[in-house]
Structure formats: structure tokens, C-alpha cells
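Before any comments, here is the structure.
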Amino acid sequence: MPPALKHLLTAAFIAASALLPPSLARAQAVNEKPVQTIRFGVLPLGGTVESRALWTPFMADMSRSLGIPVNAYSVPSYEELDRAIGKDEIDMAFLSAKMALDAVMQRRMKVVAQIARRPGMPEHRAVLLARKAGPLNALEGMLAQPERWRLARGDSRSVTGFVVPQSQLFLPNNIEMETRFRSEFVGTHQATALAVANGDADVATNNTTDLERFRQQFPIEAERLQVIWESTPPPGAPMVVRRNYPPEFQAKLQNFLITYGQGKGPHADGEREVLKNLRAAYGYVAADDSALLPEARLEYELGKQRAMAAAWVNEAARAQRLQRIEKAYAEQVQTLRAGGR
């Protein structure tokens, strides 16, 4: 190439780059660097040590497959995990649909996979737990006088621990979970189940998947519990990765996820055992941001329920709030559908 032409093309490239938005320019700069390690965010299930132990075999297999270190970033709460995502301290994570939606809308993460489901599989659902021998043994009694009872619930970012019970049960019965109960305790699904089993709470939000895990780990305490309410199946939890990963690396990572535990022989049998411990017996299937559309719809409906139930200065103020909810939902749908193409 003649020197003059080479100089002209270089100048044109620099000029074009200067016109890029700063965020896009930074993303391109990151994409030019090879991925050297993955910080895997571990959603707290019981304690941080237990959650890390459950994911360690999976992360070790991922590390061998990708040829780079995969390190656990385990935290004690949804809040801490959310904060770490906001500070770009996490590269990949298995999140609740609520947390994944927030991360995608912040343009930090993108969905690459979700748990595979098959016909006939027990569906994941939110539940309410009470003690078999306790004073609260029927749903009707709790709904009639919530102020009598002590509630143990999940973080507001938890779909089954908060969002689904609030939208499907409590708000339709004019009950705000955060304000109507005698007291409340916020913790992991394991912690809320233990609170009821040990008599420290009267009712707890939970889900069928974590309740089964609880039965295996705490059989004596689990025998004290009964399910007094069950939801319809909520939006599934997805696997997300940093949006600014190079496309070829994203594809390689997604391929690892969807092929994990799908082969034959002893090695694949070992992978399937890992998946069973993670409550993902059939592995993962490819997904994109559009997989979060059901969660966006759920939060939209929840927002409208709250707006209609709240006290307002006048109807105009309520109408403005509803308009903001409609606008936010439209933006979410547009963003998620664009991420599915």
C-alpha cells in the first residue's frame, strides 16, 4: 500500500473513531483485549460457602473448557451481588430474572442461556410455608389478619421470594408485604425456611426448587413445614455474561453451556451429576435477552397493581405514575426484543 494512501486511511479511521459515543468506544477497546479470566457471580442460596461449593465443579469444568481461570465471586445477599454487577466486578452470573432484567437494561449484561425444561418436569413455583403445628395453618387466616403474623421473605430482587408472591397473592388481597405484617425478616430461601421451622417466623416465601434442596439438607426441620400456597410458574432464571465480551468469546461460552452434560460416557455422566446438584438436571439451552420479556411483563403488572393500591394526592398524580410505568415497560420490551435479534 502506498504510504500516502495508508496515511489517509489511518486518519479516516481515527476521525471515525472520534465520532463514536464514549461508551461504544470503551466497549470496542475492551473487545480488542483477550479474555483472561472470568469472575462468576454466585447467587446466594444458603450461605456463601455452600453456594460457592455447589458451583465449584461447574466452574472448574468451564475453566478447563475455555482454557482460562474461572473464579467464584460469592456474596451473602442479592443486594451485594447487585452492587458488584453495578461496579463491573462480575463477568458472568446465574441470576434471578429480576436481577437479570436490571443488568440487561443497564446495558452491562446479556442473556446467553437458561435452564432447560422438558415436558413432565415438576415446574418451578413460588410457595408460602407455615409450620404444621403452628398457630397459622391456613392461607385464609393469614390473608384475613396479616398484622398478627411474622413474615420471612426474600430480597425484593428475588422473583419467588418477593415479586411473584407480592403480585399474585398479596397485592390482589390488598396486602403490602413490607408494611402489613407484625414483623419481617429478609434472607435467603434457606434462611426463611429455617425461620419458620424453628418458630422464629410464622410464614415464609420460598420456592419448590429450594424447598426440595432444604428437605435434603434439613430433613428434621423440613418435616415441620407445610405449603399453604403455590404460584403459577414464574419467569426462569437465566445465565448472563458481560455485554462487551468479544462476540467469538460469547459464542464459545454459550457453546460450553448448552453442550455441558449432553454427551455420553463417564465424563458426561459426571457433568450431569453437577447439573443435578445445581437443580438443572437437563442442562442449559441457548437464550437471549428476549427470554426476559415475561419478567418485564410481571414487573409491569406489579407496578400497576401498586399504583392502583397506593394513596395519591389526586387522580392526576396516579395517572402520571401509570404513564411512567407504561413508558418504562415499552422501553424494556423494545430493548429486550432488540437483544433477541
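No experiment lies behind these values; they were computed from the predicted model shown.
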Checklist entry - Is Glu147 salt-bridged to Arg182, going by a charged N under 4.0 Å from an acidic O? => result no

Item to check | Heavy-atom closest contact (Ala268 atom, Lys264 atom, distance) | outcome: CB-N, 3.7 Å

Next on the checklist: How close do Val159 and Ala97 get, counting heavy atoms only, and between which atoms?
Outcome noted: CG2-N, 3.8 Å

Checklist entry - Does Phe181 have its ring centroid less than 6.0 Å away from the ring centroid of Phe170? => result yes

Item to check | Test log, rule side-chain contact (heavy atoms from CB on, under 4.5 Å), inputs Gln323 and Lys327 | outcome: CA-CA 6 Å; Gln323 287 177 358; Lys327 181 180 179 182; over 6 Å; no

Checklist entry - When the ring planes of Phe256 and Tyr260 are compared, do they come out parallel, tilted or perpendicular, using 30° and 60° as the limits? => result tilted

Checklist entry - Does Ser96 use its side chain to pair, donor to acceptor, with the backbone of Arg157 at less than 3.5 Å? => result yes

Checklist entry - Is there a donor-acceptor pair closer than 3.5 Å between any side-chain N or O of Glu221 and the backbone N or O of Ala197? => result no

Next on the checklist: Please determine whether a side-chain nitrogen of the Lys or Arg among Lys252 and Glu248 lies less than 4.0 Å from a carboxylate oxygen of the Asp or Glu.
Outcome noted: no

Next on the checklist: Leu129 vs Val227, test: side-chain contact (heavy atoms from CB on, under 4.5 Å). Steps then yes/no.
Outcome noted: CA-CA 5 Å; Leu129 304 175; Val227 174; 3.8 Å; yes

Checklist entry - Is a side-chain N or O of Arg153 found less than 3.5 angstrom from the main chain of Glu184, in a donor-acceptor match? => result no

Next on the checklist: Please check this pair: side chain of Trp229 against backbone of Pro165, looking for a donor-acceptor N/O pair closer than 3.5 Å.
Outcome noted: no

Checklist entry - When the ring planes of Phe94 and Trp55 are compared, do they come out parallel, tilted or perpendicular, using 30° and 60° as the limits? => result tilted

Checklist entry - With the 4.5 Å side-chain cut-off for hydrophobic clustering, are Leu101 and Met99 part of the same group? => result yes

Next on the checklist: Please check if the number of heavy atoms outside Gln262 that lie under 6.0 Å from its CD is greater than 12.
Outcome noted: yes

Next on the checklist: Just verifying a value: how many Å separate Asn255 CG and Ser65 OG, rounded to the nearest 0.5 Å?
Outcome noted: 7.5 Å

Checklist entry - Under the side-chain contact (heavy atoms from CB on, under 4.5 Å) criterion, do Val285 and Ile115 qualify, and how do the steps go? => result CA-CA 6 Å; Val285 294; Ile115 292 177; over 6 Å; no

Checklist entry - Between Leu81 and Gly41, which heavy-atom pair has the shortest distance, and what is it? => result CD1-CA, 4.1 Å

Next on the checklist: Taking Gly261's backbone N and O only, do any of them form a donor-acceptor pair with Glu271's side chain (distance below 3.5 Å, no angle check)?
Outcome noted: yes

Item to check | Heavy-atom side-chain proximity of Met92 to Leu257 below 4.5 angstrom | outcome: yes

Item to check | Joint cluster assignment, Val75 & Ile85, ILVMFWY side-chain distance < 4.5 Å | outcome: yes

Next on the checklist: With heavy-atom distances below 4.5 Å as the criterion, would you say the side chains of Leu278 and Leu54 are in contact?
Outcome noted: yes

Checklist entry - Rounded to the nearest 0.5 Å, what separation is found between the CD atom of Gln166 and the CG atom of Leu302? => result 6.0 Å

Next on the checklist: Looking at Arg306 and Glu178, is any side-chain nitrogen of the basic one under 4.0 Å from a carboxylate oxygen of the acidic one?
Outcome noted: yes

Item to check | Side-chain ion pair, Asp88 and Arg108, N-O less than 4.0 Å | outcome: yes

Next on the checklist: Salt bridge check, Lys87 against Glu89: does any charged N sit closer than 4.0 Å to a carboxylate O?
Outcome noted: no

Item to check | Interatomic spacing from CG in Asp82 to OG in Ser77 - rounded to 0.5 Å | outcome: 9.5 Å

Item to check | Beyond-backbone contact of Arg242 with Arg39, side-chain heavy atoms, under 4.5 angstrom | outcome: yes

Next on the checklist: Looking at Ala152, is its backbone amide N or carbonyl O close enough to the side chain of Thr192 to form a donor-acceptor pair, meaning the two atoms are under 3.5 Å apart?
Outcome noted: no

Item to check | Asn206/Val196 under side-chain contact (heavy atoms from CB on, under 4.5 Å): CA gap, chis, key distance, verdict | outcome: CA-CA 11 Å; Asn206 217 281; Val196 173; over 6 Å; no

Checklist entry - Would you call Glu295 and Lys98 a salt bridge, using N to O less than 4.0 angstrom? => result no

Checklist entry - Looking at CD of Gln250 and CD of Gln254, how far apart are the two atoms once the value is rounded to the nearest 0.5 Å? => result 8.5 Å

Next on the checklist: Using 0.5 Å steps for rounding, measure from the CG atom of Asp61 to the CE atom of Met59.
Outcome noted: 11.0 Å

Checklist entry - Any side-chain heavy atom of Leu194 sitting closer than 4.5 Å to one from Phe214? => result yes

Checklist entry - Arg150 side chain to Gly199 main-chain N or O, any donor-acceptor pair under 3.5 Å? => result yes

Next on the checklist: Looking at every heavy atom in both Leu275 and Gly283, which two are closest together, and how far apart are they?
Outcome noted: CD1-CA, 3.6 Å

Checklist entry - Thinking salt bridges, do Lys132 and Glu223 make one under a 4.0 Å N-O criterion? => result yes

Item to check | Thr209: which of Arg279, Glu123, His124 passes side chain to side chain donor-acceptor pair (under 3.5 Å) | outcome: His124

Checklist entry - How about Thr232 and Pro234: do any of their side-chain heavy atoms sit closer than 4.5 Å? => result no

Checklist entry - Without hydrogens or angle criteria, can the side chains of Arg224 and Asn198 be said to hold a donor-acceptor pair below 3.5 Å? => result yes

Checklist outcome for this item: Which of Arg243, Arg337, Lys110 passes side chain to side chain donor-acceptor pair (under 3.5 Å) with Asp289? It is Arg243

Next on the checklist: Keeping Thr205 on the side-chain end and Gly154 on the backbone end, is there a donor-acceptor pair under 3.5 Å?
Outcome noted: yes

Checklist entry - Would you find a donor on one side and an acceptor on the other, under 3.5 Å apart, between the side chain of Arg180 and the backbone of Asn174? => result yes

Next on the checklist: I'd like to know if the side chain of Asp155 and the backbone of Tyr78 have a donor-acceptor N/O pair within less than 3.5 Å.
Outcome noted: no

Checklist entry - With the 4.5 Å side-chain cut-off for hydrophobic clustering, are Met62 and Phe249 part of the same group? => result yes

Next on the checklist: Less than 4.5 Å apart, side chain to side chain, heavy atoms only: is that true for Thr208 and Val127?
Outcome noted: yes

Checklist entry - Any Lys/Arg nitrogen of Arg131 or Asp202 sitting under 4.0 Å from an Asp/Glu carboxylate oxygen of the other? => result no

Next on the checklist: Is a donor from one side chain sitting under 3.5 angstrom from an acceptor on the other, for Ser167 and Gln305?
Outcome noted: no

Checklist entry - Just wondering, more than 12 heavy atoms not from Gln36 lying within 6.0 Å of its CD? => result no

Checklist entry - At their closest point, which heavy atom of Pro233 faces which heavy atom of Arg125, and how far apart are they? => result CD-NH1, 3.3 Å

Checklist entry - Taking the side chain as C-beta and beyond, is there a heavy-atom pair between Arg148 and Leu136 under 4.5 Å? => result no

Next on the checklist: Would a single hydrophobic cluster contain both Val163 and Met105, if residues Ile, Leu, Val, Met, Phe, Trp and Tyr are joined by side-chain heavy-atom contacts under 4.5 Å?
Outcome noted: no

Checklist entry - Out of curiosity, Gln168 CD to Ser231 OG, how far, rounded to the nearest 0.5 Å? => result 5.0 Å

Checklist entry - Would you say the side chain of Lys304 lies within less than 4.5 Å of the side chain of Glu326, judging by non-hydrogen atoms? => result yes

Item to check | ILVMFWY cluster, Tyr284 and Tyr245 together (side-chain gap under 4.5 Å) | outcome: yes

